[in-house]
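Notes to accompany the following structure.
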Amino acid sequence: MHTYHTPLDLVRERSPERPVAFARPDAVAVAARWFQDSFKGDVFYAVKANPSPWVIETLVKTGVNSFDVASIPEIELVAAHAPGARMAFMHPVKSRRAIAEAYHKHGVKTFALDTHEELAKILEATDGADDLTLIVRLAVQTEGASYSLSGKFGVDLHEAPDLLLAARRATQDRMGVSFHVGSQCMRPTAYQAAMAQASRAIVRAGVVVDVVDVGGGFPSIYPGMVPPDMDDYIDSIRRGFAEMVVTEDCELWCEPGRALVAEASSILTKVELRKADALYLNDGSYGSLFDAAHVKWPFPVKLYRGEGDAAREVEGPLKPFRFYGPTCDSMDHMPGPFWLPEDIQEGDYIEIGMLGAYGVAMNTRFNGFGDAETAIVHDAPMASMFGLAGRTIRLPREQQDEERSKVVRLSRPKGRAGKSRRKR
Ligand SMILES: *Cc1c(COP(=O)(O)O)cnc(C)c1O
């Protein structure tokens with residue numbers, strides 16, 4: 001991988017014909033350090049958010065050496081780039097062969113489950129191992145997530161006590177509970193509420209749990225989606241844990257995906273054609289822009305124009321545009337609005353920010369597109385939850401006027417008074 005100081009340096013040197021994904025290991029390191037300093041427990045990185053080797057290697061260098069994996073290829077990836085790392089197989093539905101290979105070949109001892117049938121599969125495929133950590137995934141009722149993750153997995157709370165008891169009896173080693181409040185969770189109290197529900201199920205089962213895993217869901221910052229301070233999430237989890245009926249030595253785990261990597265990647269795309277307010281790009285929903293198309297998230301953008309040393313960032317005046325990707329599918333459409341200079345034209349480059357989570361990870365080769373190279377850059381991400389001044393997002397003036405109500409939340413007082421008011 002080549003390294004450039006900034007994306008503009010790459011444009012100046014290369015005028016790339018194909019999309020370029022920018023990797024910002026510095027941003028992953030900042031987020032990883034924040035989680036290790038702030039979360040009073042073990043941090044497992046949810047590999048599916050971004051399985052790039054540079055992400056895994058940066059996390060290990062920064063001290064995050066535990067990984068939430070969901071498949072044998074993810075296990076092999078972690079084994080290759082983080083030898084000796086601890087892995088937890090947190091997919092509640094696994095093939096028998098995957099369980100056996102994870103346990104016997106890769107030394108994975110932690111497995112999630114949400115049914116009696118899966119529990120039986122885990123016990124059989126590991127030949128009745130006595131050193132398993134069995135994690136029962138609960139379906140909790142939550143509000144405030146932008147993406148629900150309780151519909152597909154998790155045992156119902158009224159059926160949970162029976163399964164908790166069965167899991168407790170099945171292992172001589174450790175047993176625990178997990179849940180997922182939903183991805184991009186905008187409400188910190190969702191964690192405390194989920195932990196209260198988990199605690200009730202544990203009490204009804206009459207079991208002792210060794211692990212409480214609060215899952216992922218920690219947010220990142222996007223235009224129009226500015227979450228509360230990350231510290232508020234930690235506070236909610238601390239309060240939730242204090243109220244749970246668990247023993248002193250019960251471990252607390254989390255499995256962030258998005259929050260560790262969202263800031264760390266952006267993609268450089270080229271404008272192939274302009275039709276009024278529609279821009280036809282060389283990357284789209286089958287490339288890195290799945291969420292821009294299917295969940296209609298308006299990611300932040302920057303524009304570069306020109307070649308060689310004359311290439312520069314162009315700033316305004318702006319107007320809203322929508323994007324089309326390169327494939328022939330009419331679903332390859334990103335409505336935005338994306339605020340860009342009104343004179344944007346064919347040959348300009350657009351950098352789309354905040355695509356480190358579920359962006360570059362979603363790339364397909366559909367229709368012959370999607371072949372992006374990766375380059376390392378050292379500039380700051382377009383927005384951050386972990387900036388020195390707290391949350392920061394750079395929005396152009398025109399877009400701020402349009403989204404005034406959302407931007408106002410950014411300038412809320414950050415002192416103690418502001419904080420305690422929010423907590424009630
Ligand atoms: C996807 C996933 C995560 C990560 O979720 P984020 O919202 O990206 O933090 C964590 N745990 C499990 C079990 C998941 O499926």
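Note that ligands are numbered from 1 as they come in the structure, with each ligand's atoms numbered from 1 the same way.
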Heavy-atom distances under 4.0 Å are what count here, so tell me which part of A46 touches ligand 1: side chain, backbone, both or neither.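 Under 4.0 Å from ligand 1, A46 contributes side-chain atoms alone.
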Would the distance check show the side chain of N282 and the main-chain N or O of E17 forming a donor-acceptor pair, the cut-off being under 3.5 Å? yes
Would you be so kind as to tabulate the donor-acceptor pairs closer than 3.5 Å made by side chains of residues 69-89, with sequence neighbours excluded?
from : atom 1 : to  : atom 2 : distance (Å)
S71  : OG     : E74 : N      : 3.3
E74  : OE1    : A70 : N      : 2.9
H81  : ND1    : E57 : OE2    : 2.7
R86  : NE     : S66 : OG     : 3.3
R86  : NH2    : D42 : OD2    : 2.8
R86  : NH2    : S66 : OG     : 3.4

Listed pairs under 3.5 Å, donor-acceptor, residues 207-218 side chains, sequence neighbours left out:
from : atom 1 : to   : atom 2 : distance (Å)
D210 : OD2    : R168 : NH1    : 3.1
D210 : OD2    : R168 : NH2    : 3.4
D210 : OD2    : M175 : N      : 2.9
D213 : OD1    : G215 : N      : 2.9

Under 4.0 Å from a heavy atom of [X]: give me the atoms of ligand 1 that qualify, with their elements.
X    : result
R258 : 6 (P), 8 (O), 9 (O)
G257 : 4 (C), 6 (P), 8 (O), 9 (O)
D68  : 10 (C), 11 (N), 12 (C), 13 (C)
S183 : 6 (P), 7 (O), 8 (O)

Pair R14 + E373: basic N to acidic O under 4.0 Å: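 Yes, this pair counts.
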Looking only at side-chain N and O atoms, does S265 offer a donor or acceptor that is under 3.5 Å from a partner on R24? no
Heavy atoms only: which of M90, H180, H91 lies closest to atom 5 (O) of ligand 1?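 Comparing heavy atoms across M90, H180, H91, the nearest one to atom 5 (O) of ligand 1 lies in H180.
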I want to confirm something. Looking only at heavy atoms, which of K48, Q184, E255 is nearest to atom 1 (C) of ligand 1?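 It is K48 that holds the nearest heavy atom.
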I'd like to know whether ligand 1 has [X] as a neighbour, heavy-atom separation below 4.0 Å.
X    : result
G217 : yes
R137 : yes
Y358 : yes

More than 12 foreign heavy atoms under 6.0 Å from NE2 of H2: is that the case here? no
Cation over ring, K109 on F111, under 6.0 Å and within 45°?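 No, K109 does not lie over the aromatic ring of F111.
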Tested for side chain to side chain contact (heavy atoms under 4.5 Å, CB included) against Y304, the lone hit among T6, D348, L268 is L268
Min N/O separation G216 to ligand 1 under 3.5 Å: no
